[in-house]
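We name chains A, B, ... by the order of the sequence lines, and we start the count at 1 in each one. Computed from heavy atoms alone, side chains included, the values below leave out hydrogens, waters and symmetry copies.
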2 protein chains.
Amino acid sequence: MTELMEPAMIVRRSLHDELIDRLREMIVTGDLEPGTKVPEQNLAAKFGVSRTPLREALKVLASEGLITLTPNKGATISQLTLEDLEEAFPVMGALEALSGELACERISDAAIGVIRQLHDQMIRHYQAKEMPEYFRCNQEIHNQILAAADNATLTSMYRSLSGRVRRARYVANISKKRWEQAVSEHEEIIAALVARNGAALSEVLKRHLVNKFETVKETIRSAGVGNLQEA
Amino acid sequence: MTELMEPAMIVRRSLHDELIDRLREMIVTGDLEPGTKVPEQNLAAKFGVSRTPLREALKVLASEGLITLTPNKGATISQLTLEDLEEAFPVMGALEALSGELACERISDAAIGVIRQLHDQMIRHYQAKEMPEYFRCNQEIHNQILAAADNATLTSMYRSLSGRVRRARYVANISKKRWEQAVSEHEEIIAALVARNGAALSEVLKRHLVNKFETVKETIRSAGVGNLQEA
DNA sequence: GACTTTGAGATTGTATTCATAATTCATAAT
DNA sequence: ATTATGAATTATGAATACAATCTCAAAGTC
């Protein structure tokens, strides 16, 4: 009897699910700018769907804080105020610290190896002054640590915050000095991870984030990033 | 010229908002038991609304993790597994620790006074062995600390987790010994708060939660609480 | 008798329609 | 000229209608 080739499962996501992801992506990447109104008909037409699934998606995004829903007046992309950032960062810090502790308890040698490779690669990008690639590695390292913590609740909460905050785009101009500091912090991160020293990793991750936040605030103050609205 | 009395703003909540709150309450309090299916028509009829706003509410609750939506198969009240609990508690711990630190930085003398009163009241309920009243005060103290931390992001994340976890009902039988321990921890909490010692408060809150969690797990193991499903 | 198959009924997913509130813009009044 | 008013338009909120999918039992097959 000939073996049937396993046909690729047809995955048909529901429209509202698809819409949630697409809209979230558009908001986080800045395709949809904060403050802009989101007329339902308009958007529904753009996506080629009816208003019903779109509205369902908007409700979810509103509960995530990415969209602001005003009764009878519709949806707008949430403004990210400086206060929002100042609120979000300590929470992110706490979560990241936790992820460090949990990761040290659970991470496998193989996973550490992967992170080390990413780290080395990141360092090379640093030396070559390749910012975007550097940031990609950077992001991926933090993702790997989060993954090693192996806690879905933690991951989803961190992701949610991270998504909200990422809308503040500050990456363009990072000072040379700050970059050095960040790299040095990353050396500490690797060291703590290899030593499986949860307390140390937790501490340095938190410090890393605080410094990052300082940079963001500085950038915002000087550049007056459009995405941000002074509170 | 006579001063016009400020007329109360007319607030008309949308149905989906109302439904979100009502359903969340029903789930958290256990009115809707985990695992039960939630046929849309049925539920919509019960609330006297159409399926449209109900579906919007279900999507939001699903994103909060209280409901599980399976494509084309509908909604069920999420099961809370032991693993879910084990995941949620460290995250709650981290958030609670943060709330302690922030609270110590910001709390006013007046707010400390309120908490102290609640604490004293709680102790009286403890001595009178009035469990429900004790728990109410207990809950309120933690709420007040959270409020003092004055961080909306933190509050909403904590509330979300707390809501999920609260579905594990374990309060019925708490051991005398554990109750003593909890009260003693609460004495420490008050002391740290009065001293505005963030590190100490943070530490004791975390420990408090760990112990609470141990009790929950113990209860579950012995009683096999219906709400919980062994993973 | 056990296992598919199939189709009616029920349920969910999406579109459309209707109702109601908000906005706009022209007009009138000060 | 500026503000206030109100009808027309537009957008949102909710209900209904239709389409796609699933469930489950009855019939059929081996």
Side-chain angles (χ1 to χ4, degrees), chain A residues 1-2 4 7-24 26-27 32-78, chain B residues 1 4 7-24 26-27 32-79:
Chain A
M1 192 199 252
T2 64
L4 274 189
M9 182 81 88
I10 295 181
V11 286
R12 273 215 312 182
R13 309 184 55 196
S14 49
L15 287 184
H16 74 263
D17 244 29
E18 185 80 30
L19 286 171
I20 289 173
D21 281 356
R22 291 243 222 143
L23 283 172
R24 186 168 23 221
M26 289 171 76
I27 295 171
L32 287 173
E33 279 186 26
T36 57
K37 295 224 290 193
V38 185
E40 293 176 2
Q41 283 191 94
N42 199 321
L43 245 192
K46 269 183 192 157
F47 283 116
V49 300
S50 80
R51 282 174 52 216
T52 309
L54 175 64
R55 283 173 58 85
E56 293 174 350
L58 290 179
K59 299 288 180 296
V60 171
L61 293 172
S63 86
E64 288 178 17
L66 291 176
I67 276 182
T68 305
L69 243 34
T70 322
N72 294 321
K73 294 186 63 177
T76 60
I77 310 301
S78 299
Chain B
M1 194 196 244
L4 274 189
M9 183 81 88
I10 296 178
V11 285
R12 272 214 313 186
R13 306 187 59 196
S14 48
L15 287 183
H16 78 265
D17 243 31
E18 185 81 29
L19 287 171
I20 289 172
D21 281 356
R22 292 243 224 145
L23 283 172
R24 183 164 30 218
M26 289 171 74
I27 295 171
L32 286 173
E33 278 186 28
T36 57
K37 295 225 285 192
V38 185
E40 293 177 1
Q41 275 192 94
N42 197 322
L43 202 58
K46 270 184 192 156
F47 283 117
V49 300
S50 79
R51 281 174 55 217
T52 309
L54 175 65
R55 282 175 57 84
E56 292 172 351
L58 291 179
K59 297 288 178 298
V60 171
L61 294 171
S63 87
E64 289 178 18
L66 291 176
I67 277 181
T68 305
L69 288 176
T70 322
N72 293 321
K73 295 184 63 177
T76 59
I77 310 301
S78 299
Q79 292 279 2

**Request:** Kindly state which residues belonging to residues 55-78 of chain B come within less than 4.0 angstrom of DNA chain C, counting heavy atoms of the residue only, listed by number.
**Result:** B:R55, B:P71, B:N72, B:K73, B:G74
**Asked** Near DNA chain C, under 4.0 Å by heavy atom, which residues of residues 36-45 of chain B?
**Response**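 Result for residues 36-45 of chain B: B:V38, B:P39, B:E40, B:Q41, sorted by number.
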**Request:** Please name all residues satisfying side chain to side chain donor-acceptor pair (under 3.5 Å) with B:S14, sequence neighbours left out, ordered by chain then number.
**Result:**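 Side chain to side chain donor-acceptor pair (under 3.5 Å) list for B:S14, sorted by chain: B:H16.
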Contacts table for residues 70-77 of chain A: side-chain donor-acceptor under 3.5 angstrom, sequence neighbours left out:
none

**Message:** My validator wants the stems of DNA chain C: runs of 3 or more consecutive Watson-Crick or G-U pairs, both distances under 3.5 Å, written as range with range.
**Reply:**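 Looking at DNA chain C, the stems formed by three or more consecutive pairs are C:1-30 with D:1-30.
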**Heavy-atom closest pair, residues A:L23 and A:L61** =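 Distance-wise, the nearest heavy atoms are CB-CD1, 3.4 Å.
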**Item:** Closest heavy-atom pair and its distance - A:S78, A:G65
**Value:** OG-O, 3.0 Å
Give, for atom [atom1] of [X] and atom [atom2] of [Y], the distance between the pair rounded to the nearest 0.5 Å.
X	Y	atom1	atom2	value
B:E18	B:R13	CD	CZ	5.0 Å
A:E64	B:E64	CD	CD	10.0 Å
B:L43	B:Q41	CG	CD	11.5 Å
B:L19	B:R55	CG	CZ	13.5 Å
A:K37	A:T68	NZ	OG1	13.0 Å
A:I27	A:I67	CD1	CD1	4.0 Å

**Request:** Would you indicate whether B:R22, at its atom CZ, is surrounded by more than 12 heavy atoms from other residues, nucleotides or ligands within a distance under 6.0 Å?
**Result:**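 12 or below, so no.
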Pairwise N/O distances under 3.5 Å, protein to nucleotides 15-17 of chain C:
from   : atom 1 : to    : atom 2 : distance (Å)
C:dA15 : OP2    : A:S50 : N      : 2.7
C:dA15 : OP2    : A:S50 : OG     : 2.8
C:dA15 : N7     : A:T52 : OG1    : 2.9
C:dT16 : O4     : A:T52 : OG1    : 3.3

Starting at [atom1] of [X] and ending at [atom2] of [N], how long is that distance when rounded to a whole Å?
X	N	atom1	atom2	value
A:D17	C:dT12	CG	P	16 Å
B:E18	D:dA14	CD	C1'	15 Å
B:H16	D:dA14	NE2	P	8 Å

**Asked** Tell me, do A:K59 and B:I20 make a side-chain contact under 4.5 Å, heavy atoms counted?
**Response**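 They are not in side-chain contact.
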**Message:** Quick check: do B:V60 and B:E56 have side-chain heavy atoms less than 4.5 Å from each other?
**Reply:** no
